[in-house]
Structure formats: structure tokens, C-alpha cells
Amino acid sequence: MPMPLTGSEPLAGGTLLDFWRWSGGNLLDNTQRGLLAEFLVTKALGGAHSAREEWAAVDVVCPDGTKVEVKSSAFLQSWPQRQPSRPSFGIAPTRAWDSATGKYEAVTKRQADVYVFALLAHKTFATVVPTDLSQWEFYVVRTGDLPQQKTIGLRPLQAIAGAPVAYENLAEAVRKAAMRADPEGSTDPLPSDR
């Protein structure tokens with residue numbers, strides 16, 4: 001896997017940092033917010049030392065082998081809104097990509113042991129700062145505790161996860177959730193049409 005670039009590499013009369021600002025400068029954009037959430041969780045779990053692997057089966061693999069999926073949502077979006085959005089998170093099972101064979105696995109399932117749901121919870125557009133960790137809420141759920149459906153709203157998630165976890169406590173919360181995993185693992189195959 002290639003090591004991360006610095007941003008100072010020359011590119012088209014400028015630097016790679018110019019491209020990063022152009023392509024990823026709006027952190028309220030769904031894609032960029034999701035990547036930021038993944039980065040934040042990866043950092044909290046002691047990772048982010050190498051470049052992100054786009055096609056990995058899970059977002060983070062902890063040093064102890066715990067597989068973590070990161071999902072992101074927000075009340076505020078990058079487009080004009082009449083009112084804040086109702087946060088929702090995708091939890092559909094997937095087929096993992098096997099880089100060794102160059103094929104998707106046959107079984108559709110949830111690939112991770114633990115899910116971290118990252119909510120940009122700030123509700124005032126004029127003062128939202130996605131890089132301010134105090135504006136985020138993190139919910140940690142053992143995969144086996146998730147309902148068999150494709151998405152989950154904030155209230156049902158809170159009913160399962162309980163109170164949000166502070167950023168500095170994410171690693172411990174993930175460790176505790178992973179310890180509760182089923183002996184066979186919490187990645188029970190789920191029907192792909194749910």
C-alpha cells in the first residue's frame with residue numbers, strides 16, 4: 001500500500017494540496033464528511049499511518065484485529081435547506097472485495113465486528129465547523145445488535161447505542177463492543193434484499 005503523500009508534490013503549476021483543497025475542501029459535502037468521519041475514527045483507534053484503502057471490506061482494522069465500519073450523517077448539508085435533515089445511516093450488508101482474487105466474495109453480510117456512527121450534530125449553518133470535534137457525536141454498536149435492515153435513523157440508533165461516546169473514549173468503547181461479539185463473530189450473513 002502506498003504511503004500518504006504530503007501535499008507539497010508538484011502538480012499542474014501548483015501542488016497536490018491545491019487539488020486536495022479543490023476536491024475536498026467542502027467538509028459538509030456528504031462524501032467529504034464521510035471521509036472526515038472515517039479519518040477521525042481511524043485516528044481515535046490509533047491508525048491513519050498509511051493511505052486509505054478505497055476498496056477495503058471495512059474502514060478500520062484495529063491493532064487487535066477488530067474490524068470497524070464507520071458511518072456518517074449530519075443535520076446540516078452542503079445544499080440550501082429549509083430545516084435540518086433527519087440523520088440516517090446506511091447499514092446494509094455488503095459483499096467484500098477480495099484483493100487477492102480480484103473478485104467480490106459470494107456471501108452478503110456485514111463485514112465489521114463493530115460500527116461507529118459519526119454524527120455531525122451541530123444545527124446552525126453559520127457556526128458549523130466540521131473540524132471541531134465538539135460538534136460531533138459518536139455512537140458505538142456491536143454489529144450483532146443492529147437490526148436486519150438497510151438503514152437506521154438516529155432515534156432507533158440511540159435506543160440501541162445509548163448515549164454518544166466522547167471522541168477521546170472511542171477506542172475504549174470499540175474495545176468493549178468487540179469483547180461482546182459473538183464467539184463466531186458478529187458478522188452474521190443477512191439477506192441481501194432487506
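Hydrogens, waters and symmetry mates are skipped; everything else that's a heavy atom, side chains included, is used.
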Output the rest of the hydrophobic cluster of Leu11: all Ile, Leu, Val, Met, Phe, Trp and Tyr residues reachable through side-chain heavy-atom contacts under 4.5 Å, sorted by chain and number. Leu5, Leu16, Leu17, Phe19, Trp20, Trp22
Whichever hydrophobic residues join Trp55 through chains of side-chain contacts under 4.5 Å: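 Hydrophobic cluster check, Trp55: joined to Trp97, Tyr104.
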From the options Thr42, Val114, Val68, select the one residue that forms a side chain to side chain contact (heavy atoms under 4.5 Å, CB included) with Cys62.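 With Cys62 as partner, side chain to side chain contact (heavy atoms under 4.5 Å, CB included) holds for just one option, Val68.
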Going only through I, L, V, M, F, W and Y residues with side-chain contacts under 4.5 Å, is there a path from Trp136 to Val140? yes
Are Val61 and Tyr115 joined in one hydrophobic group, where the rule is that I, L, V, M, F, W and Y side chains link up if heavy atoms are under 4.5 Å apart?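 In one cluster: no.
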Roughly how far, to the nearest 0.5 Å, is the [atom2] atom of [Y] from the [atom1] atom of [X]?
X      : Y      : atom1 : atom2 : value
Leu157 : Asp145 : CG    : CG    : 11.0 Å
Ser23  : Gln32  : OG    : CD    : 6.0 Å
Arg180 : Arg142 : CZ    : CZ    : 5.5 Å
Asp113 : Met179 : CG    : CE    : 13.5 Å
Leu154 : Ser73  : CG    : OG    : 8.0 Å
Tyr167 : Glu137 : OH    : CD    : 16.0 Å

Tell me which pairs pass ring pair (Phe, Tyr, Trp, His ring centres under 6.0 Å) where either residue lies in residues 62-85, with sequence neighbours left out.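 Output for this query is empty, none listed.
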In chain order, what residues pass the salt bridge (charged side-chain N to carboxylate O under 4.0 Å, His left out) check against Glu9, with sequence neighbours excluded?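 Once residues adjacent in sequence are excluded, Glu9 has no partner under the salt bridge (charged side-chain N to carboxylate O under 4.0 Å, His left out) criterion.
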Could I get the full list of salt bridge (charged side-chain N to carboxylate O under 4.0 Å, His left out) partners for Glu38, not counting sequence neighbours?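 Partners of Glu38 under the salt bridge (charged side-chain N to carboxylate O under 4.0 Å, His left out) test: Arg52.
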If you compare all heavy atoms of Leu28 against all heavy atoms of Pro130, which two are closest, and at what distance to 0.1 Å?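 Heavy atoms of Leu28 and Pro130 come nearest at CD2-CG, 4.0 Å.
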Where the side chain of Ser85 meets the backbone of Pro87, is there a donor-acceptor pair that is under 3.5 Å apart?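 A pair under 3.5 Å: no.
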Side-chain donor or acceptor of Thr101 paired with backbone N/O of Lys103 under 3.5 Å: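 Yes; at least one donor-acceptor contact below 3.5 Å.
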For Gln83, is the CD atom crowded, meaning more than 12 foreign heavy atoms sit under 6.0 Å from it?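 No, because the 6.0 Å sphere around CD of Gln83 holds 12 heavy atoms or fewer from other groups.
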Salt-bridge present (Arg175, Asp64; N to O < 4.0 Å):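 So Arg175 does not pair with Asp64 through a salt bridge.
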What's the verdict on salt bridge (charged side-chain N to carboxylate O under 4.0 Å, His left out) for Asp59 and Lys71, showing C-alpha distance, side-chain angles and the deciding distance? CA-CA 9 Å; Asp59 295 323; Lys71 296 298 181 180; 5.8 Å; no
List for me each residue that meets side chain to side chain donor-acceptor pair (under 3.5 Å) alongside Ser72, sequence neighbours excluded, and say none if there are none. Arg33
